[in-house]
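Step one of this worksheet: look at the structure below.
Residues: numbered from 1 along the sequence shown.
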Amino acid sequence: MDWFSIIVPLVSVVALCIFFAFRPQESQDLLARIRYIVGDRFSLYYAALGLGIFIFTMYLGFSRYGKIRFGNLEKPQYSDFQWGALIFTSTMAADILFYSLTEWALYANEPYIEELGGIQRWASTYPLFHWGPIAWSFYIALAVAFGFMFHVRGSHKQKYSEACRPLLGDKVDGIPGKIIDLLAIFSLIAGTATTFSVTTPLLSSAFSTVFGIPDSTALAIAILIVIAVLYTVVLYIGMKAISKLALICSYLFFALLAYVLFFGGETIYILETGFSALGNLVQNYIGMATWMDPLRETNFPQNWTVYYWAYWMVWCVATPFFIGTISKGRTIRNMVFGGYFWGLAGTFLSFIILGNYGLAQQLKHGLDISGYIANGGHYAEIIIRVFDGLPLPALGLILLVITMIAFYATTFDSLAMVISYYSYKKLPIEQEPGKKIRVFWSMVFILLPIALLFSQNSIYSLQSVSIIAAFPIGIVILMICASLMKQLREADKQKSK
């Protein structure tokens, strides 16, 4: 056991829980100050890193290295659909549903959107940008690196630091390696805490509306505990249970999308707006990826683009490990373009259908969703009002709650499985971590979100947690990509001899 990687994060999480729960105002002020330093002063760092990683994945897919196969299997370990379902459900927690329903409304209140041409055209485009190719490139680049590490190099040390060994050598066994691994664990905990804290109030409000139970922090915490129990049980069983839950989650997700698309009365508007948004995205992609607002006239890139790249960076601490693990038998080219296909298909469908249905309620039916949010209204309440426009809204909310819980369980199963590997100094890829360790990390994951609920942090403060945690992780991501290129060149030289 690697006790250093177990005890230090545990003590740190407990300390942060105490600080957030008992010093809510001080914690918000501190987060805001640090966010300004790393998110505003260094916003170019996040933007350049995101675009650079995307270009790097394109190079991997189209270069001669794309033919390299992970492992000696004649065909992939999972079918394409199973593989795609595992990728999407293990990387997209319940926040995909929350943001699909609300993100366009957050942009609708931004002066920059009005300057560009208005809500109809741009509030439906920016969600596709922030959940699009650059976002997925963080996962895909590292998934290739970890897949190579597991299935080609045959590493039995499944940690972030091990992916840097070609660059750092034996230093990864010392203090530099421990620092890298601790940064990875802290970033992962920050990402999960942000996700839980943003979306749990929606779960509790929907549950309260359907079953008539008063909405409260206690209800939200009870739901968190139920979710934790569910994903702990599945995690205890192992990978077979996780893969089955991933398929169930995919079916629930498609059922929710079909319910809104075909029974919400806005099918044509949803599809036409989505088609237009895709065209707008393709036409303006480079400009959107490089716009930094140097005069800080609107701070739109700093408030949103920087946040999202940071959010994906902290999540890519664990999910690429999982993707790399389940990709035995696939080539690098298949991983790159297959990963983009399944990832973008799921996220774009979600934002186009759920987001544009909400947009229709505002622009066609007068439900002032963006105004309600701008005036301090609760996100969960306005989402429930959006569902009131659907037939059998209670049924729709039940489907939403079940799908969100399934997303939670599937995603955090994969995250807890990955972080459990960090508890060992060495562990073969074919061997799963001990069940007690998996249960331990399942419990740790739930502590910080509960503390953040008690502190009643705003979405801005919750975003700050991810932005701060992602700053050092970006450097590690660059080191892993450099290490991968070094290994690919060496493998190519050996093949040509």
Side-chain angles (χ1 to χ4, degrees), residues 5 8-9 12-13 15-16 19-20 27-54 56 95 130 134-139 141-142 145 159-161 163-164 167-168 175-195 197-198 289-294 296 299-320 415 419 422 448 452 457-483:
S5 297
V8 174
S12 301
V13 168
L16 283 173
F19 179 56
F20 282 124
S27 67
Q28 290 188 40
D29 293 342
L30 180 61
L31 287 173
R33 287 196 296 270
I34 300 176
R35 172 176 178 163
Y36 175 77
I37 295 172
V38 300
D40 186 273
R41 300 295 87 186
F42 292 91
S43 56
L44 181 60
Y45 162 76
Y46 293 93
L49 182 63
L51 187 58
I53 296 297
F54 171 65
F56 176 68
D95 54 342
H130 286 145
I134 287 180
W136 277 94
S137 71
F138 289 113
Y139 286 174
L142 296 191
K159 297 187 177 185
Y160 234 49
S161 60
C164 299
L167 194 66
L168 300 180
I175 294 177
K178 291 188 179 297
I179 292 174
I180 289 172
D181 290 334
L182 286 179
L183 287 174
I185 294 173
F186 288 140
S187 295
L188 179 57
I189 293 173
T192 56
T194 304
T195 295
S197 302
V198 166
T290 56
W291 171 240
M292 297 309 302
D293 191 10
R296 299 298 190 268
N299 280 306
F300 185 86
Q302 288 72 32
N303 290 340
W304 294 108
T305 303
V306 167
Y307 158 63
Y308 272 112
W309 294 175
Y311 191 43
W312 287 80
M313 284 161 64
V314 295
W315 270 92
C316 78
V317 167
T319 48
L415 297 183
I419 203 171
Y422 276 76
L448 192 55
L452 288 169
N457 275 281
S458 64
I459 278 192
Y460 182 85
S461 295
L462 296 173
Q463 290 175 347
S464 301
V465 174
S466 291
I467 291 174
I468 295 166
F471 188 81
I473 282 298
I475 299 172
V476 181
I477 291 173
L478 290 174
M479 293 168 62
I480 292 175
C481 291
S483 296

Subject >> Taking every non-hydrogen atom, the tightest pair across S137 and G50 >> reply: OG-O, 4.0 Å

Original post:
Just by modelled atom types, is the M292 backbone N or O under 3.5 Å from a matching donor or acceptor in the Q302 side chain?
Top reply: yes

Original post:
Can you check whether I480 reaches Y160 side chain to side chain, under 4.5 Å on heavy atoms?
Top reply: yes

**OP:** Kindly compute the distance separating CD1 (I180) from CD1 (I175), expressed to the nearest 0.5 Å.
**Re:** 12.5 Å

**OP:** Could you tell me whether a side-chain N or O of D181 sits under 3.5 Å from a main-chain N or O of S161, the two making a donor and an acceptor?
**Re:** yes

Original post:
Should the ring pair W304 and Y307 be called parallel, tilted or perpendicular, given that the plane angle runs from 0 to 90° and is split at 30 and 60?
Top reply: perpendicular

Original post:
For C481 and A141, which heavy atoms make the closest approach, and how far apart are they?
Top reply: SG-CB, 4.4 Å

Original post:
Heavy-atom distance under 4.5 Å between the side chains of F471 and L183, does that happen here?
Top reply: no

**OP:** Report yes if some heavy atom in the side chain of H130 is under 4.5 Å from a heavy atom in the side chain of W309; otherwise report no.
**Re:** yes

Original post:
With side chains defined as the heavy atoms from C-beta onward, is the minimum distance between L49 and F138 less than 4.5 Å?
Top reply: yes

Original post:
Between I477 and I53, what is the shortest heavy-atom contact and its length?
Top reply: CG2-CD1, 3.9 Å

Subject >> Heavy-atom side-chain proximity of W136 to W312 below 4.5 angstrom >> reply: yes

Original post:
How many angstroms lie between OG in S43 and CG in N299, if you round to the nearest 0.5 Å?
Top reply: 9.0 Å

